[in-house]
Amino acid sequence: MSVADCVDGEIISADSRQVFRGMDIGTGKDMAEYHLPNKTIPCHLVDIRDAGEEYNLYQFQNDFIAAFNSILERKRQPIMCGGTGMYVESIIRGYQLPDAPVDAEYRRSLQEHSDEELSARLASLVKLHNHTDTETRDRLLRALEIQEFRLQHPDQFTHLPIMRHLVVGVRFPREVVVERIGIRLRQRLQEGMIDEVKALLDNGVPRERLLRYGLEYKHVARYLTEDYSYDEMYTNLYTDIRRFSKRQMTWFRRMERNGVDIRWLEGADGLDSNRDKIIEMIHASV
């Protein structure tokens with residue numbers, strides 16, 4: 001936030017779960033950090049949908065464009081932050097996506113096909129840059145649905161504005177990352193993460209949707225609705241978050257291999273030092 005303060009910036013969140021209201025602790029919104037002693041840093045694309053609603057990459061791109069343009073109109077500096085690699089990369093590399101609606105009839109036509117057959121069909125339609133679209137049956141069906149729509153409506157795509165970008169990442173040694181994950185998980189549980197998930201269930205968010213949100217929401221929902229002990233929840237959640245953090249770094253390394261220049265800073269250098277380096281890079285890139 002101090003970087004945004006120093007460069008007259010506003011934050012655009014690129015987190016796929018922070019868009020949902022009522023999902024605060026488990027997504028690490030940490031909204032108090034946006035309130036500095038002398039001002040509040042504006043943050044966009046947080047709390048813009050009700051928990052349980054559908055939200056996809058196409059919608060994110062359009063919401064990003066609206067936020068980006070509004071920030072520029074105020075002559076301020078847009079700063080995109082977040083941990084959803086696909087969302088970040090879709091902006092940096094300018095993915096053009098169609099607004100594909102759910103097609104129940106098309107999905108029914110695929111019911112008799114195995115996941116392997118559907119994966120092969122998807123690979124024949126589009127180059128797979130990652131495996132997230134084939135991790136679950138729902139993701140696989142949605143990816144095929146999008147590609148079918150693309151073939152039938154080649155003129156309906158998002159069009160991102162031309163923008164220069166500076167990509168900065170902060171990294172820590174793996175053992176430090178693991179330690180920080182444990183500290184953060186215990187803190188979130190102490191702050192009421194279980195009560196947060198219970199409130200979502202009580203307010204009508206389907207259990208199946210919470211399972212799809214993954215990580216904290218998946219494991220706490222299982223703890224609340226299954227014969228799933230607290231210790232099992234904690235151990236499995238801790239393991240999944242560690243795996244997720246490794247997949248994030250794998251994603252960013254793949255972005256680098258595909259030509260994205262990521263300026264890495266060392267977390268051990270401290271917040272103040274890294275803030276100054278980022279500000280210097282921003283000024284040099286303007």
Side-chain angles (χ1 to χ4, degrees), residues 1 3-4 7-31 33-35 40-103 129-130 132-133 138-139 142-143 145-147 149-150 153 155-169 200 203 205 209-210 212-217 248 251-252 255 260:
M1 300 310 148
V3 171
V7 299
D8 202 20
E10 298 186 18
I11 304 297
I12 304 177
S13 169
D15 189 294
S16 63
R17 301 188 304 171
Q18 289 190 1
V19 298
F20 298 114
R21 303 180 188 96
M23 294 172 58
D24 303 330
I25 300 172
T27 64
K29 287 178 184 172
D30 302 325
M31 297 308 295
E33 294 183 3
Y34 294 86
H35 300 288
T40 295
I41 302 298
C43 181
H44 305 264
L45 309 195
V46 172
D47 291 340
I48 60 173
R49 294 288 191 279
D50 289 331
E53 290 185 18
E54 290 285 353
Y55 191 77
N56 58 42
L57 187 57
Y58 176 86
Q59 292 170 306
F60 166 73
Q61 282 193 322
N62 282 277
D63 289 336
F64 174 91
I65 292 168
F68 180 84
N69 287 335
S70 72
I71 293 170
L72 291 184
E73 288 172 2
R74 292 190 294 278
K75 302 187 184 305
R76 296 171 66 86
Q77 174 68 53
I79 302 175
M80 179 171 64
C81 296
T84 303
M86 182 180 290
Y87 280 23
V88 172
E89 188 172 8
S90 77
I91 300 301
I92 294 172
R93 301 189 65 198
Y95 289 0
Q96 290 190 330
L97 302 174
D99 183 16
V102 173
D103 188 337
H129 297 291
N130 59 82
T132 58
D133 285 337
D138 282 346
R139 287 179 178 271
R142 179 58 182 162
E145 192 173 54
I146 289 172
Q147 293 308 317
F149 184 88
R150 182 192 295 271
H153 305 85
D155 58 333
Q156 296 186 26
F157 296 96
T158 52
H159 294 283
L160 292 168
I162 297 174
M163 64 185 83
R164 297 170 59 194
H165 57 262
L166 168 70
V167 185
V168 180
L200 293 170
N203 289 331
V205 178
R209 183 56 55 83
L210 292 176
R212 286 176 57 188
Y213 288 149
L215 297 178
E216 295 86 354
Y217 297 95
Q248 281 184 312
W251 188 292
F252 295 133
M255 284 173 57
V260 176

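Heavy atoms only: backbone and side chains are in, while hydrogens, waters and symmetry mates are out.
- When side chains are defined from C-beta on, Glu10 counts as touching Arg74, because their heavy atoms get closer than 4.5 Å.
- The nearest pair of heavy atoms linking Gly22 to Lys29 is N-NZ, 4.3 Å.
- Nearest heavy atom pair, residue Ser13 against residue Asp15, reads OG-N, 3.3 Å.
- What you find for Tyr217 and Asp24 is that their closest heavy atoms are OH-N, 3.8 Å.
- The two atoms that bring Val88 and Ala14 nearest to each other are CG2-CB, 3.9 Å, heavy atoms only.
- Considering only heavy atoms from C-beta on, Val19 stays 4.5 Å or farther from Gln59 through its side chain.
- Residues Glu216 and Arg17 are paired through a salt bridge, judged by an N-O separation under 4.0 Å between the basic side chain and the carboxylate.
- Closest approach of Tyr87 and Tyr55 over heavy atoms only: OH-CD2, 3.6 Å.
- Looking at Met23 and Val205, their side chains never come closer than 4.5 Å, going by heavy atoms from C-beta outward.
- Within the 4.5 Å cutoff, side-chain heavy atoms of Val102 are placed close to those of Glu145.
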- Task: Please step through side-chain contact (heavy atoms from CB on, under 4.5 Å) for the pair Asp103 and Phe149, ending with a clear verdict.
- Result: CA-CA 9 Å; Asp103 188 337; Phe149 184 88; over 6 Å; no

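- You'll find the side chain of Phe60 reaches within 4.5 Å of the side chain of Leu57, heavy atoms only.
- The side-chain heavy atoms of Met31 and Val46, taken from C-beta on, include a pair separated by under 4.5 Å.
- Electrostatic pairing of Asp47 and Arg21 does not count as a salt bridge here, judged by no charged N lying under 4.0 Å from a carboxylate O.
- Looking at every heavy atom in both residues, Pro78 comes nearest to Arg76 through CD-O, 3.4 Å.
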- Message: Working note: Arg209 + Glu54, criterion side-chain contact (heavy atoms from CB on, under 4.5 Å); need CA distance, chi angles, decisive distance, verdict.
- Response: CA-CA 9 Å; Arg209 183 56 55 83; Glu54 290 285 353; 3.1 Å; yes

